[in-house]
Amino acid sequence: MENVIFAVTQIFDPMNLILLVLGGVAGIIVGCLPGLTATMALALLVPFTFTMPAASGLIMLGGLYVGAMFGDAIPAILINTPGTPSAIATTFDGYPLAKKGMAQQALIANAFSSLVGGIIGTITLLSLSPPLAELGLKFGPPEYFWMAIFGLTIIGTIASDSILKGLTAGALGLLLSTVGISPIGGDVRFTMGLVPLQAGINLMAALIGFFCIPQVLEMIETGAKEYQVIQYVSQKGLLRKTIRELIRKPILLLRSSLIGVIVGIIPGAGGNIASLISYNEAVRWSKNQDEFGKGTLDGIAATETANCSVVQGSLIPMLTLGIPGSPAAAVILGALLLHGMQPGRQLYTTFGGITYTFILSFFLAVVVMFFFVALGSRFFARMISIPYQYLVPGIVFLSVIGSYALRNNLLDVVMMLIFGYAAYILRKFGFNSGALVLGLIMGPFAEQGLVQSLLMGRAAGSIPKVLFGRPISLVLIGLSLLSIAWPIFSAWRERQQHRKITMKEGEIIDG
Amino acid sequence: MCFRRIGLLLMAVVLILTLLCPVLAAEKYPHKPITYLITFDPGGQSDLEARRQQPLLEKYLGVPIIITYKSGGGGSVGWSELANSPADGYTIAGNNIPHIILQPIERTNAGYQTEDLEPIAMFQSTPIGLAVLKSSPITSLDEFVAYAKRNPGAITIAGSGTYSGHHLAYLQFEKLSGAKYTYIPFTGAAPQVTAFLGGHTMAILANSNDLVQHQDRIRILAFGGVERFGALPEVPTFRELGYEMTATIDRGVCAPKGTNPERIKVLEEAFLSIANNLSIRQQMLDQGFVPVAMGAQEFKKYIAEKTVEYTELLHNLTAGN
């Protein structure tokens, strides 16, 4: 209790408040710019925190991490380009909304759902850390494999036009994920003798290519006539209206938050996977499935709630066990260690004051970020009204800088451009960039999980027992089967209803 | 008239001085910022070490130190970049053993050769330890080997990477103990430790700093290194137990081949002064590392010895198959 009181006085210390806001705003900017990731910004900030008291440093780092999760949806909504991989699924509905002239609503929905996700995530982090961290440990190689398989079934949702094209794009993504040094075996694969390719295909560079470049090319193609249609009109009372609409969907918000927390706990799986799974579930349980992908606030709520609660989820195993749940959490772990704080029980006893300050500061951080993004939405949304002849060169400039800044690797820029043109052509033929990216994300998990499981199975004398005989695996297998069967089932149900209607119509005609 | 002459003289002096300046400056090394290349992602241990050294280096050398990242391929992309950088002493990189030895041996084109990297100094060593969970019935290395002999291949050992420090330690141990195990590679410390703590593998070969963090859950059977690990002196070394192996992961810095030896000397002294700094040494100890202060010559010799050892090991392995 005295730790909590200490924490509250720390958080409301004027200097710490300033640091929190600074970190958060920096996070929003970093999140907005594709190519600058939260992890990178955190790593750059860590040295500055050496000179601060541990609590102040952690408050600032936490603010930055949260800010980035608020910021990355902004370009996703406005220019169809995720600011970080966590906002991939936000483009599915965010950009269609902006096209309908509802950019501001989408931005407010982003701010509000991130706020909800952040609060639920923080409550979980505060109250349920030890048992959840133990649950995270239950995730072994077979579970990772099945998680990847489950993740791949999302193709069914995002490539609804043509499953065949979706699967093709997904398979292409899986293949692309094998470029570089193989995670198991250490072989050099598909590098064509180019040493920089040993680093593999960078997910973020690929994302910038897949999303930014086709967007830009389409803008040029359609030219002024289309883009004058997307005018942003400022309206009054949107904030209250949008929030009221979302509050009416508590189950959606709660489910998405929980998905975020759970995926966050699993080391390696981060905001990108959480938001994709959450989007998929939102579609599955929605009564208005047809609206998804055409611009619905539910889609944004699902992804943004999840990717914000990942932040706290990824800190659960980090604080209790010293295992970072995401790359960004790994950087924060480094900062903790440099301040002489070892994760584990010590953090909640000896350093209790500092730890609770860090955790509780998330409440304030998400509230502050909410006001920044919600109130700023009017200004952000204006970006869409920038004439395309200025917008296009601006986006291209940021794409090139962003893809270079990732790893200071010129080859990433070249790959970004190649992917961009390829995606543009693929889009013309009705292939989905989302499915391809999904393959690229899930590929390494599937490959490592499978090979490690096979090695484990051989050592244990039974491969099927390892792959199919574990409880969490069985749940994931069940979910995958359900996910595959669901579209077939709902199509069948639709046909049944359709038949009933036509039969009735037939009766009427007969009668 | 007199004033004009003095004026001319002054101008001449100024001119000569400005002309001399670059020459004088060139004599002095360093006079411009030095790039410190990290071949891994920001936030990793190599990065943290560089960040720890950065302010002290700047103070010692009097020029800014710019830390940049070039990650990928287990470090090979960054080292190949260094090998192709100008050898003027203004680009240096982190140097990790055994990575820089193993990659050129194992890959047909790693992008660099071990000799392309000129060692400057080594500042840290991380013994690799073998551990089981506290709940395991195995309490000593002897029992571990005995169990493996009764059940060949049944013991799964988590390590990080293939043909990495952990994998080589595994291969060495397998050869020296004459028993069979199953090595399961992971892509880094976090997934490796999670899989082990979650009971998905029976044992782990991991860096001392990772093991120290989890010591209340695990039982460390042996550590690599020549001497016992300072933070946990009760754990024996492999060598004491009769296994002639010194498995460690070592961190240092290097420059491109052909860098002026005098400049190497300047950098060496700067890094050694930091490596001998008592508070830095204490920080490393607390975090589960072994602080080292090894100069360029000795470091070079060390790399040469390790190269022979690993080449033989890998050669025997391929010959054995």
Q.
Can you tell me how far apart CG (B/L171) and OH (B/Y163) are? Round to the nearest 0.5 Å.
A. 7.5 Å

**Q.** Side-chain donor or acceptor of B/D286 paired with backbone N/O of B/Q283 under 3.5 Å
**A.** no

Q | A/H339 side chain to A/T49 backbone, donor-acceptor under 3.5 Å | A | yes

Q) Between B/G72, B/G199, B/G111, B/P185, which has the largest tally of heavy atom pairs under 4.5 Å with chain A? A) B/P185

Q.
Looking at chain A, which one of B/Q287, B/M202, B/R107, B/K180 has the largest number of heavy-atom pairs inside 4.5 Å, strictly under?
A. B/R107

Q: Could you tell me whether A/W146 and A/F139 have their ring centroids closer than 6.0 angstrom?
A: no

Q.
Let me confirm one number: the OG1-CG distance from B/T162 to A/D187, rounded to the nearest 0.5 Å.
A. 8.0 Å

Q: Tell me, out of A/L333, A/L455, A/V331, who's got the most heavy-atom pairs with chain B below 4.5 Å.
A: A/L455

(Q) Taking side chain as everything from C-beta outward and backbone as N, CA, C, O, which of these in B/A189 sits under 4.5 Å from a heavy atom of chain A? Side chain, backbone, both or neither. (A) neither

Q.
With a 4.5 angstrom heavy-atom cut-off, is it the side chain or the backbone of A/Q342 that approaches chain B, or both, or neither?
A. side chain

Q: May I ask you to check whether B/F289 and B/F123 place their ring centres under 6.0 Å from each other?
A: no

Q: Against chain A, label B/Y112 side chain, backbone, both or neither, depending on which of its atoms sit under 4.5 Å from a heavy atom there.
A: neither

Q) For A/L137, is it the side chain, the backbone, both or neither that has a heavy atom under 4.5 Å from a heavy atom of chain B? A) both

Q.
Out of B/N109, B/V212, B/I67, return the one with the most heavy atom pairs under 4.5 angstrom to chain A.
A. B/N109

(Q) Nearest 0.5 Å, please: how far is CG in A/L410 from OG in A/S403? (A) 9.0 Å

Q.
Among A/G136, A/A459, A/G186, which residue has the highest count of heavy-atom pairs closer than 4.5 Å to chain B?
A. A/A459

Q: State the CZ-CG distance between B/R51 and A/L44, to the nearest 0.5 angstrom.
A: 6.0 Å

Q) For A/Y144, is it the side chain, the backbone, both, or neither that has a heavy atom closer than 4.5 Å to a heavy atom of chain B? A) neither

Q: Hey, could you give me the CG/CG distance between A/D412 and A/L197, rounded to the nearest 0.5 Å?
A: 9.0 Å

Q: First locate atom CD of B/Q53, then atom CD of B/Q124, and finally report the distance between them rounded to the nearest 0.5 Å.
A: 8.5 Å

Q. In terms of heavy-atom proximity below 4.5 Å to chain B, should A/L321 be classed as side chain, backbone, both, or neither?
A. both

Q. Can you tell which of A/E134, A/R458, A/R345 has the highest number of heavy-atom pairs within less than 4.5 Å of chain B?
A. A/E134

(Q) If I measure from the heavy atoms of chain A, does B/T156 come under 4.5 Å with its side chain, its backbone, both, or neither? (A) side chain

(Q) Between B/Q192 and B/L205 (side chain of the first, backbone of the second, donor and acceptor by atom type, cut-off under 3.5 Å), is there such a pair? (A) yes

Q) Does any heavy atom of chain B fall under 4.5 Å from the side chain of A/R470, the backbone, both, or neither of them? A) side chain

Q: Pick one of side chain, backbone, both or neither for B/S71, based on which atoms fall under 4.5 Å of a heavy atom in chain A.
A: both

Q. Which one, B/H167, B/H214, B/Q213, leads in non-hydrogen pairs under 4.5 Å with chain A?
A. B/Q213

(Q) Please classify the contact of B/Q103 with chain A as side chain, backbone, both or neither, using a heavy-atom distance under 4.5 Å. (A) neither

Q | Toward chain B, the part of A/P267 with a non-hydrogen atom under 4.5 Å | A | side chain

